[in-house]
Amino acid sequence: MQKITIKKILKKKGKLPIVCLTAYTRNVAKIADKYCDIILVGDSLGMVLYGMKTTRGVKIETMILHAKAVKDASKKSLVVFDMPYKTYSNKFSAYKNAKMVIKLTKCDAIKLEGGKKIAKIVNFLVKKGIPVLGHVGLLPQTSRNFKARGKSSIERKKIFKDAIAISKSGAFAIIIECVVEGLAKEITENILIPTIGIGASRYCDGQILVTEDLTGLSDFSPKFVKQYANLNKSIEKSIKNYVKDVKMKRFPFTKNVYK
Ligand code: KIV
């Protein structure tokens, strides 16, 4: 099994789709690792696993615990650590936190949300040897709503400039979240690094989704998610059958008993 490197990710731009998913746990990471180029330990875990209203309350310590489990179970994919809100407010705190995170989790890269405003921070980290995945468009850590971005020409220009700034700052790829198709295409065609879309059309160089959304484990089903399974239903069915068996004294069966 050959390890995916940043060099390999860069080579795929415009040629082969880059496949990415989120993972927060060892069990999901083990499966995703077989098929994905990049696994993101996303701070979306605050909402998906812990029921928070936004990702702003996610602590770096929580992310570290999940990232350790994911990295340990991933032998092939590039594992990216999503830096939580307020852990990269300036270049010094960003470097201190990113260095600690990489040391403790052994993740291959970090992800930061933002455009022009954080380009200098990205550049500082890259120069210090920390690979950075950018994230433009809808920025969950600071957004007030989850509507698609880039519908007005002012917003479109701003997001385009953000993507250019992040690509020039040395990030190895950029996530583009929830933007109109034309803008995702324009960004992808005008920067040298790969774009990875989430709700940003097939024109991106790769795609990412939250695994709990595509497997039907979360309650989140926006337009841009294709649901490939209904794990919620499967788990409920298993639990109902177990409860029935216990109540009717059918479980444990003979084969489940030690003699
Ligand atoms: O936190 C996350 O899972 C993300 C993805 C949705 C890109 O940032």
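One-based numbering, in listed order, for ligands and for the atoms of each. Values reported hereafter were calculated over all heavy atoms of this structure, with side chains retained and with hydrogens, waters and symmetry mates removed. What you see is a predicted model, and the numbers here were worked out from it, not measured in a lab.
Which parts of ligand 1 touch G42 is read off a 4.0 Å heavy-atom cut-off, strictly below it: atoms 1 (O), 2 (C), 3 (O). The H135 neighbourhood of ligand 1 comprises atoms 8 (O), with distances under 4.0 Å to a heavy atom of that residue. Below 4.0 Å from some heavy atom of D82 lie the following atoms of ligand 1, by number and element: 1 (O), 2 (C), 8 (O). Every atom of ligand 1 is numbered from 1 in the order shown, and the set under 4.0 Å from a heavy atom of I175 is 7 (C).
No donor-acceptor pair under 3.5 Å is formed between the side chain of K158 and the backbone N or O of G115. Listed for the K116 side chain is no donor-acceptor partner under 3.5 Å among the backbone atoms of D162. The backbone N or O of D82 sits nowhere less than 3.5 Å from a side-chain atom of D43 that would complete a donor-acceptor pair. Between the side chain of N97 and the backbone N or O of S93, at least one donor-acceptor pair lies under 3.5 Å.
Between M63 and T87 the shortest side-chain heavy-atom distance does not fall below 4.5 Å.
Here atom 3 (O) of ligand 1 lies nearest to S44 when heavy atoms of G197, A23, S44 are compared.
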Exercise for the section: For F81 and K111, run side chain to side chain contact (heavy atoms under 4.5 Å, CB included): C-alpha distance rounded to whole Å, both residues' side-chain angles, the deciding distance at 0.1 Å, then the answer. Expected result: CA-CA 6 Å; F81 184 102; K111 176 170 84 66; over 6 Å; no

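Polar contact with ligand 1: absent for E113 (N/O pair, distance under 3.5 Å). Ligand 1 has no N or O atom lying under 3.5 Å from any N or O atom of T22, backbone or side chain. Of the N or O atoms in K111, one or more lie within a sub-3.5 Å distance of an N or O in ligand 1.
With respect to atom 4 (C) of ligand 1, the closest heavy atom belonging to the protein is L40 CD2, 3.6 Å.
With a heavy-atom cut-off of 4.0 Å, I198 touches ligand 1 through its side chain alone.
Nearest approach of V210 to T22, heavy atoms of both residues: CA-OG1, 3.2 Å.
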